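As structure tokens, the structure follows; a few thoughts come after it.
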Amino acid sequence: MDINKKLAEELNVKVSQVEAAVGLIDEGCTIPFIARYRKEVTGSMNDEVLRNLDERLKYLRNLEDRKEAVISSIEEQGKLTDELKAQILQAETMVLVEDLYRPYKQKKRTRATIAKEKGLEPLADYIMEQNAAEPVEQNAAGYVNDDTVKSVKDAIDGAKDIIAERISDVADYRTYIRDITMKEGTLITAAKDEKAESVYEMYYEFEEGIAKLAGHRILALNRGENEKILTVKVQAPEDRILSYLERKVIKRDNPVTSGVLKEVIEDSYSRLIAPAIEREIRSSLTERAEDGAIRVFGKNLEQLLMQPPI
């Protein structure tokens, strides 16, 4: 990625201006100093543009460093393909890079890893192939032993855990779910004690679309949650999401495996995907609200400072 060129496009300035500003920043110059004393070098870029440039410069440089680390890690595992490498290099956000890296990331001990240790991955593959002619229970019986897999149910549950983790690791699925939740999801709040009086009473039964939430409301809800007065939850369009996942995962209608896969899809979404997406969205909303609050504060302070003396 040509960082300077991308910054110029985002900020609607010339590449030469970006190069000059980046050079001064790398030399250790502060933004106020550049804005005040180096106008002739940067083409009169003001402090607001320079601060945005500095913030994005750090983000994009960290993004490029992370891409290199991810590619190196996957390559060491011997699993890097040309297609995957191209996807990582073309990613424009840290979230997408992490989504692509998720299947190859060293995980903590999960239900899926425990199931793999028990040798249940072939059973998961059998279900995922969706070509089964014999009942899943009949195939699973071959994995039952006296040590780790005590019953047919244990074998099937373990295979389900493996499939659920595989589904949750697909970057495209997470991107779709994140986008549709941001566009069509709602933020719902409730009071932990409806009889208690507080400054958050207007949020005791509150619901609003995530895309429409004002910054001051987000910050107020966060405060109420931190003070243990409110419970805040992201409500996603679950029916549409599950329908989407079923279309992607279930390739053919097989009465032997389709029912199992539907159960796994629901478990994967509710247990693995939804909580992670909710955390990401809440974090993104908070960051956006805080940035907006800082801008408003800055404008108000500027008006106070620019008042003529009494």
Side-chain angles (χ1 to χ4, degrees), residues 69-81 83-84 87-88 98-177 236 238-239 241-280:
V70 165
I71 290 171
S72 176
S73 175
I74 299 174
E75 194 170 24
E76 286 174 4
Q77 298 174 42
K79 298 177 181 178
L80 185 66
T81 63
E83 183 183 0
L84 177 58
Q87 286 180 312
I88 294 170
E98 295 302 330
D99 281 351
L100 292 168
Y101 183 43
R102 184 176 294 275
Y104 311 96
K105 196 173 185 178
Q106 295 288 29
K107 296 181 174 68
K108 295 179 181 178
R109 194 170 165 81
T110 64
R111 283 164 49 171
T113 56
I114 293 170
K116 288 176 184 177
E117 290 168 2
K118 293 178 179 178
L120 295 171
E121 201 159 12
L123 178 58
D125 294 336
Y126 174 78
I127 297 171
M128 282 296 289
E129 286 168 4
Q130 301 171 50
N131 292 320
E134 62 183 25
V136 174
E137 290 79 6
Q138 185 175 332
N139 189 281
Y143 296 87
V144 177
N145 57 62
D146 295 332
D147 298 326
T148 54
V149 184
K150 303 293 186 182
S151 66
V152 169
K153 182 179 182 303
D154 288 345
I156 294 175
D157 287 345
K160 285 180 177 179
D161 289 337
I162 293 170
I163 298 170
E165 189 170 279
R166 287 181 186 176
I167 292 171
S168 75
D169 283 344
V170 178
D172 288 346
Y173 299 170
R174 283 181 171 263
T175 300
Y176 172 85
I177 293 168
E238 190 171 318
D239 290 342
I241 291 170
L242 293 177
S243 177
Y244 164 82
L245 290 174
E246 286 176 10
R247 290 196 306 272
K248 291 292 184 179
V249 175
I250 302 175
K251 303 298 183 182
R252 55 178 61 87
D253 187 15
N254 185 327
V256 175
T257 57
S258 292
V260 177
L261 287 173
K262 286 182 180 180
E263 291 177 13
V264 173
I265 288 167
E266 189 170 345
D267 173 59
S268 179
Y269 173 70
S270 61
R271 180 169 60 88
L272 301 174
I273 302 175
I277 295 295
E278 179 166 353
R279 286 193 298 271
E280 290 174 12

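Remember, predicted model here, so these are calculated numbers, not experimental data.
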Under 3.5 Å: donor-acceptor pair, side chain of Arg102, backbone of Val170
no

Asp99 CG to Lys105 NZ distance, which is reported to the nearest 0.5 Å
10.0 Å

Nearest heavy-atom approach of Tyr269 to Glu238 is CE2-CG, 3.7 Å

Please tabulate, for side-chain N and O atoms in residues 256-265, each donor-acceptor pair with protein atoms closer than 3.5 Å (sequence neighbours left out).
{"from": "Ser258", "atom 1": "OG", "to": "Asn254", "atom 2": "N", "distance (Å)": "3.0"}
{"from": "Ser258", "atom 1": "OG", "to": "Asn254", "atom 2": "O", "distance (Å)": "2.9"}
{"from": "Glu263", "atom 1": "OE1", "to": "Lys160", "atom 2": "NZ", "distance (Å)": "2.6"}

Output yes when a side-chain donor or acceptor of Gln87 lies under 3.5 Å from a complementary backbone atom of Leu100, and no otherwise.
no

Using atom types as modelled and distance alone, determine if a side-chain donor or acceptor of Glu165 lies under 3.5 Å from a backbone N or O of Leu272.
no

Check Arg174 against Ile277 and note the closest heavy-atom contact, atom names and distance.
O-CD1, 4.0 Å

Stepwise salt bridge (Lys or Arg N to Asp or Glu O under 4.0 Å) test for Arg109 and Glu117
CA-CA 10 Å; Arg109 194 170 165 81; Glu117 290 168 2; 2.8 Å; yes

Any chance you could measure Ile163, atom CD1, to Ser168, atom OG, to the nearest 0.5 Å?
12.0 Å

Residues passing the side chain to side chain donor-acceptor pair (under 3.5 Å) test with Tyr101, sequence neighbours excluded, are Ser73

Quick check against the 3.5 Å criterion: does Gln130 have a side-chain atom that pairs as donor or acceptor with the backbone of Met128?
yes

Look at the side chain of Ser72 and the backbone N and O of Ala69, then say whether any donor-acceptor pair between them is shorter than 3.5 Å.
no

Atom pair OG (Ser270) and CD1 (Ile241), whose distance is rounded to the nearest 0.5 Å
11.5 Å

Return yes if some donor-acceptor pair links the side-chain N/O of Arg252 with the main-chain N/O of Glu129 below 3.5 Å, else return no.
yes

Mind checking what makes side chain to side chain donor-acceptor pair (under 3.5 Å) contact with Ser243, not counting sequence neighbours?
Arg247

Taking atom CZ of Arg271 and atom CG of Asp161, what is their separation to the nearest 0.5 Å?
5.0 Å

